[in-house]
Student: 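Submitted below is the structure of interest, expressed as structure tokens.
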Amino acid sequence: MPQPTDPAVDNAAAEVIEQALVKVSGAPTNGEQNALLNRVVDAWRRRHGQGSPKPILTLVGGYAGSGKTEFSRFLSDITGWAFLDKDSLTRPMVERLLISLGGDPHDRHTELYLREVRPLEYRCLMETAFDNLKVGTSAILAAPFIAELQDPDWISRLTNRCAAKGIDVAAVWVRCDADSMREYIEFRGAPRDSWKLANWQTYVNGLNSETSPPTAHITVDNRLGAAISLADQTRETLKRILT
């Protein structure tokens with residue numbers, strides 16, 4: 001995205017970003033929500049010489065097909081923070097490990113995957129994030145984080161680890177309706193989704209799409225693809241402002 005040089009243009013772009021984030025997450029109602037919004041706008045300004053250099057770790061969670069990866073990319077486009085997607089980082093390793101354990105390389109639901117492989121995926125993701133954070137680069141992590149965001153102790157340990165290093169933490173949950181999630185999953189055609197599509201009703205019955213995890217600081221409403229559509233519109237608006 002082009003870098004503005006005129007303070008008036010910079011302020012106009014920052015206002016567009018702020019309005020977009022308020023629309024997808026609702027008007028700020030708590031300190032954490034307002035703090036993350038401020039940090040995103042601050043990061044926009046910092047990309048051209050203003051703002052605070054304090055790093056932040058942002059977790060963007062949600063069910064498969066909810067739009068968490070696209071929303072993470074949008075945040076990264078605005079802020080310049082490192083964007084780390086769990087599947088991109090770990091999928092080849094996960095597939096090879098499952099084969100070596102006698103499993104299906106595309107398994108994401110059996111005890112074999114959940115017990116032997118999933119913890120390693122998240123460990124790789126988190127350690128890669130900390131490699132960035134240690135050198136002052138904020139990071140956005142896109143992963144389901146379903147079990148993690150349901151566990152206040154996990155979040156507390158992470159927050160305490162980050163606080164000891166002067167790092168802020170924010171957790172974002174991307175909410176979506178089942179029909180939209182299925183549409184996106186079918187569109188991307190990833191082999192790891194085969195079981196979900198073949199057993200859709202069973203899979204959906206195990207989801208809680210009505211509420212956010214208790215540790216989420218912000219809920220982004222992407223039902224019917226609303227948040228991702230707004231993110232795309234915001235990108236186009238910024239292009240018009242900045243060119």
Side-chain angles (χ1 to χ4, degrees), residues 1-28 33-52 55-89 129 132 137-145 170-177 180-181 183-190 216-243:
M1 215 170 267
Q3 302 277 325
T5 55
D6 183 338
V9 172
D10 181 25
N11 289 334
E15 185 175 343
V16 167
I17 292 164
E18 184 171 355
Q19 289 174 351
L21 293 174
V22 167
K23 284 181 181 178
V24 299
S25 62
Q33 183 175 354
N34 195 56
L36 180 59
L37 188 152
N38 289 339
R39 288 300 302 274
V40 170
V41 175
D42 174 79
W44 165 266
R45 299 183 186 281
R46 180 159 53 89
R47 293 183 77 176
H48 35 93
Q50 304 176 54
S52 167
I56 182 171
L57 173 62
T58 303
L59 314 179
V60 181
Y63 296 117
S66 62
K68 59 185 177 294
T69 298
E70 288 79 4
F71 188 73
S72 297
R73 285 198 184 99
F74 173 60
L75 286 181
S76 182
D77 285 347
I78 292 170
T79 61
W81 299 342
F83 165 51
L84 304 175
D85 179 77
K86 178 180 70 67
D87 287 328
S88 298
L89 274 173
N132 282 273
T137 301
S138 295
I140 301 165
L141 310 189
F145 287 116
V172 178
W173 181 256
V174 181
R175 182 184 178 194
C176 196
D177 61 287
S180 296
M181 287 189 284
E183 183 177 314
Y184 181 74
I185 290 172
E186 289 176 338
F187 176 77
R188 72 186 181 189
H217 298 133
I218 294 177
T219 296
V220 168
D221 189 350
N222 194 38
R223 286 172 294 182
L224 306 181
I228 301 309
S229 175
L230 182 61
D232 289 339
Q233 293 170 30
T234 302
R235 284 190 181 96
E236 292 304 312
T237 301
L238 290 172
K239 286 178 183 177
R240 289 196 297 271
I241 291 172
L242 301 174
T243 56

Student: CD of E183: more than 12 outside heavy atoms within 6.0 angstrom?
Tutor: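 Atom CD in E183 is not crowded, with 12 or fewer foreign heavy atoms closer than 6.0 Å.
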
Student: Using side-chain contact (heavy atoms from CB on, under 4.5 Å), reason through L36 and H217 one step at a time and then give a plain yes or no.
Tutor: CA-CA 9 Å; L36 180 59; H217 298 133; over 6 Å; no

Student: Rounded to the nearest 0.5 Å, what separation is found between the CD atom of E18 and the OG1 atom of T234?
Tutor: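 So the CD of E18 and the OG1 of T234 are separated by 12.5 Å.
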
Student: Search all heavy atoms of A64 against all heavy atoms of I185 and return the closest pair with its distance.
Tutor: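 Closest heavy-atom pair between A64 and I185: O-CD1, 3.6 Å.
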
Student: Tell me the closest heavy-atom pair linking G67 and I228, and the distance in Å.
Tutor: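 Looking at all heavy atoms of both residues, the closest pair is O-CD1, 3.6 Å.
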
Student: Can you name the nearest heavy-atom pair linking K86 to P144, along with the distance?
Tutor: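 So the minimum-distance heavy-atom pair works out to CE-CD, 3.6 Å.
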
Student: What distance separates L59 CG from K68 NZ, expressed to the nearest 0.5 Å?
Tutor: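 NZ of K68 is found 13.0 Å from CG of L59.
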
Student: Is there side-chain contact between L75 and L21, with at least one heavy-atom pair below 4.5 Å?
Tutor: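 Of all side-chain heavy-atom pairs linking L21 with L75, at least one is under 4.5 Å.
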
Student: Considering the options L141, V174, D85, T69, which one meets the side-chain contact (heavy atoms from CB on, under 4.5 Å) requirement together with V60?
Tutor: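 Exactly one pass, corresponding to V174.
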
Student: Yes or no on side-chain contact (heavy atoms from CB on, under 4.5 Å) for L84 and N132, after CA distance, side-chain angles and deciding distance?
Tutor: CA-CA 10 Å; L84 304 175; N132 282 273; 4.1 Å; yes

Student: How long is the gap from CH2 on W173 to OG1 on T219, to the nearest 0.5 Å?
Tutor: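 If we round to the nearest 0.5 Å, W173:CH2 and T219:OG1 are 9.0 Å apart.
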
Student: Between Q233 and T237, do the side chains contain an N or O donor and an N or O acceptor separated by less than 3.5 Å?
Tutor: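 Result is no, nothing qualifies.
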
Student: Indicate the atoms forming the closest heavy-atom contact of S25 with Q33, along with that distance.
Tutor: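 Here S25 and Q33 meet closest at O-NE2, 3.1 Å.
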
Student: Could you give the distance from SG (C176) to CG (D221), rounded to the nearest 0.5 Å?
Tutor: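 Those atoms lie 8.5 Å apart.
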
Student: What heavy-atom pair brings S72 and F83 nearest, and what distance separates the two atoms?
Tutor: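 Closest pair (atom of S72, atom of F83, distance): CB-CE1, 3.4 Å.
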
Student: Please identify which of these residues, N222, V24, L230, meets the side-chain contact (heavy atoms from CB on, under 4.5 Å) condition with F71.
Tutor: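 Exactly one option meets the side-chain contact (heavy atoms from CB on, under 4.5 Å) with F71, and it is V24.
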
Student: Heavy atoms only: give me the nearest G225-S180 pair and the separation to one decimal.
Tutor: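 Shortest heavy-atom separation between G225 and S180 comes out as N-OG, 4.3 Å.
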
Student: Rounded to the nearest 0.5 Å, what's the gap from CD1 on I140 to OG on S76? Could you check?
Tutor: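 One finds 5.0 Å between CD1 of I140 and OG of S76.
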
Student: Rounded to the nearest 0.5 Å, what separation is found between the CD atom of E70 and the OH atom of Y184?
Tutor: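 It comes to 4.0 Å.
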
